[in-house]
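The structure appears below as structure tokens.
Indexing begins at 1, ligand by ligand and atom by atom, following the structure's order. Along the sequence shown, the residues carry numbers beginning at 1.
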Amino acid sequence: MSEPLSLPSRPRRNRKNAALRGLCQETRLSAENFIYPLFLHAGGEDEPIASMPGCTRWSLDGLVREAGEAHALGINAIVLFPAIAPELKTPRAEECSNPDGLIPQAIRALKAAHPDLAVVTDIALDPYNSDGHDGVVGEDGRILNDLTVSILCQQAVCHAKAGADIVSPSDMMDGRIGAIRRALDVRGLEEVSILSYCAKYASAYYGPFRGALDSAPKSGDKKTYQMNPANGTEALREARHDIEEGADMLMVKPAGPYLDIIHRLATTCDLPIAAYQVSGEYLMIKSGAAAGWIDEKKIVLESLTGIRRAGAQIILTYFAKQAAVWLQE
Ligand code: PBG
């Protein structure tokens, strides 16, 4: 028998059984924290997405059904990503503000079926742009910031008029939050919120998503607009601009490799912070689980809890529906 240690404080006492662990738990995960990203296309069939096993490119009917199922599980918001037919893609992405386009149709159908489900739309040109960039590509190959912002404003107004609750610019052009805010306000759309992709990094973790939408850049990369993964302080600068320009919520993307950025924004800004667990993060968990190497449920809930603990109150995740089921068990 060894002598008991003389310890005034024993942290393990707060972990001694499930009841105490529950009382002492600092972070909780709930379906209410989730925004569920959904892909859609103009076709009548629901198609599995090869680059993202378990995800589907929904028809309009399938989308409305899937959104309803998610809503019934306690998820109150979805974000839409359209796969646009190649013949509709142009250098200036005109289709992005077509009032009868895929996204406005989807918003109207979703709002008719599920009026209390918040619909978020992505504001960026890449699904509509024949060059596959988030902005218009000039003759010399540069991304034209100010021209792009004027098109993004038209896209945001189009989505807002169709009934979007939140527009979410993911393009990283300078000045787009203020311009979109003004474009909405002068049209009486001042109640539409802006969730800014504030710190969006030029990340290899987006690969599977670009496969899902066939939206990879035709040439070059996105490094002149998306942030350098090596930078943290720069995220604070982006946040300051977005807040001054009228953003309602700020997003960090990707999530898991950028927990420090989530934490820095959450401790310095007074807006709700969102984080996007992106397609590459999803795929790594899915493939590890498919190989039988990791426990999918435990890894998913731990990864989402870590993102919450870092300071994100809102999480965009392809696991949203599955996690909502697990959280009810
Ligand atoms: C583009 C956009 C991207 C994602 C969301 N909006 C890809 C990109 O910037 O190339 C990625 C999401 C994911 O990987 O899950 N506007």
Side-chain angles (χ1 to χ4, degrees), residues 34-40 49-57 78-84 89 93 95-96 103 120-137 143 145 148-149 151-152 155-156 159 164 166-173 176-177 180 194-229 238 250-258 274-287 300 303-304 307 312 314-321:
F34 299 147
I35 299 180
Y36 184 25
L38 291 168
F39 298 98
L40 66 155
I49 298 175
S51 62
M52 296 177 66
C55 290
T56 304
R57 217 176 281 108
I78 58 168
V79 57
L80 300 177
F81 293 105
I84 299 297
K89 299 189 183 194
E95 180 63 17
C96 79
I103 289 291
V120 185
T121 64
D122 197 65
I123 303 299
L125 304 188
D126 50 318
Y128 307 91
N129 177 337
S130 42
D131 296 303
H133 276 285
D134 293 32
V136 174
V137 182
I143 305 296
N145 190 90
T148 299
V149 170
I151 301 172
L152 296 172
Q155 185 181 23
H159 293 178
I166 302 177
V167 292
S168 190
S170 70
D171 55 289
M172 290 300 280
M173 296 302 123
R176 90 272 208 222
I177 301 301
I180 290 171
I194 300 180
L195 165 57
S196 173
Y197 286 66
C198 162
K200 175 170 178 179
Y201 287 87
S203 171
Y205 286 86
Y206 308 149
F209 173 97
R210 294 177 189 171
L213 296 187
D214 191 20
S215 63
K218 297 287 180 290
S219 69
D221 52 40
K222 299 193 175 184
K223 290 181 186 169
T224 69
Y225 45 105
Q226 298 179 349
M227 284 175 56
N228 180 347
E238 288 285 357
L250 302 178
M251 193 197 301
V252 175
K253 173 181 175 186
Y258 296 85
Y276 197 147
Q277 184 180 54
V278 299
S279 58
E281 299 176 79
Y282 171 82
L283 191 68
M284 289 195 304
I285 294 176
K286 275 286 178 196
S287 40
V300 167
S303 69
L304 296 173
I307 294 165
I314 301 164
I315 305 177
L316 293 85
T317 173
Y318 301 101
F319 290 115
K321 190 178 170 207

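Residue, atom and distance of the protein heavy atom nearest to atom 8 (C) of ligand 1 are Lys222 NZ, 3.3 Å. Nearest protein heavy-atom neighbour of atom 2 (C) of ligand 1: Lys200 NZ, 3.3 Å. Of the protein's non-hydrogen atoms, Ser170 OG, 2.7 Å is the one closest to atom 16 (N) of ligand 1. In this structure, atom 11 (C) of ligand 1 lies nearest to the protein heavy atom Lys253 NZ, 3.0 Å.
The atoms of ligand 1 that sit less than 4.0 Å from any heavy atom of Tyr318 are 12 (C), 13 (C), 15 (O). Those atoms of ligand 1 that come under 4.0 Å of a heavy atom in Asp122, given as number and element, are 6 (N), 16 (N). Distances below 4.0 Å separate heavy atoms of Ala124 from the following atoms of ligand 1: 16 (N). Heavy-atom contacts of Asp134 reach the following atoms of ligand 1: 1 (C), 16 (N) (cutoff under 4.0 Å). Atoms of ligand 1 lying under 4.0 Å from any heavy atom of Asp126, numbered from 1 in the order shown and given with element: 1 (C), 2 (C), 16 (N).
Taking OH of Tyr225 as the start and CG of Asp134 as the end, the distance is 4.0 Å to the nearest 0.5 Å. To the nearest 0.5 Å, the span separating NZ on Lys200 from OH on Tyr206 amounts to 5.5 Å. Between Ser130 atom OG and Leu125 atom CG the span is 10.5 Å, to the nearest 0.5 Å. Here Ile78 contributes atom CD1 and Ile166 contributes atom CD1; the two are 11.0 Å apart, rounded to the nearest 0.5 Å.
When side chains are defined from C-beta on, Ser215 does not count as touching Phe81, because their heavy atoms never get closer than 4.5 Å. Looking at Asp171 and Val149, their side chains never come closer than 4.5 Å, going by heavy atoms from C-beta outward.
The closest approach between Gln277 and ligand 1 stays at or above 4.0 Å for every heavy atom of the residue.
For ligand 1, one of its N or O atoms has an N or O atom of Arg210 under 3.5 Å away.
Contact between Pro208 and Met52 at its shortest, heavy atoms only, is CB-CG, 3.7 Å.
No part of Tyr282 comes within 4.0 Å of ligand 1, judged by heavy-atom distances. Here Asp171 has no heavy atoms under 4.0 Å from ligand 1, in either its backbone or its side chain. Using a 4.0 Å cut-off between heavy atoms, Ser279 contacts ligand 1 through both its backbone and its side chain.
Glu281 and Ser303 share no donor-acceptor pair across their side chains, judged by distance under 3.5 Å alone. When only modelled atom types and interatomic distance are considered, Tyr318 and Tyr276 share a side-chain donor-acceptor pair under 3.5 Å.
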### Task
Take Phe209 and Phe39 through the test side chain to side chain contact (heavy atoms under 4.5 Å, CB included) and record every step on the way to the result.
CA-CA 10 Å; Phe209 173 97; Phe39 298 98; 3.6 Å; yes
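Among Tyr276, Tyr201, Phe209, Phe39, the residue whose heavy atom lies closest to atom 7 (C) of ligand 1 is Phe209.
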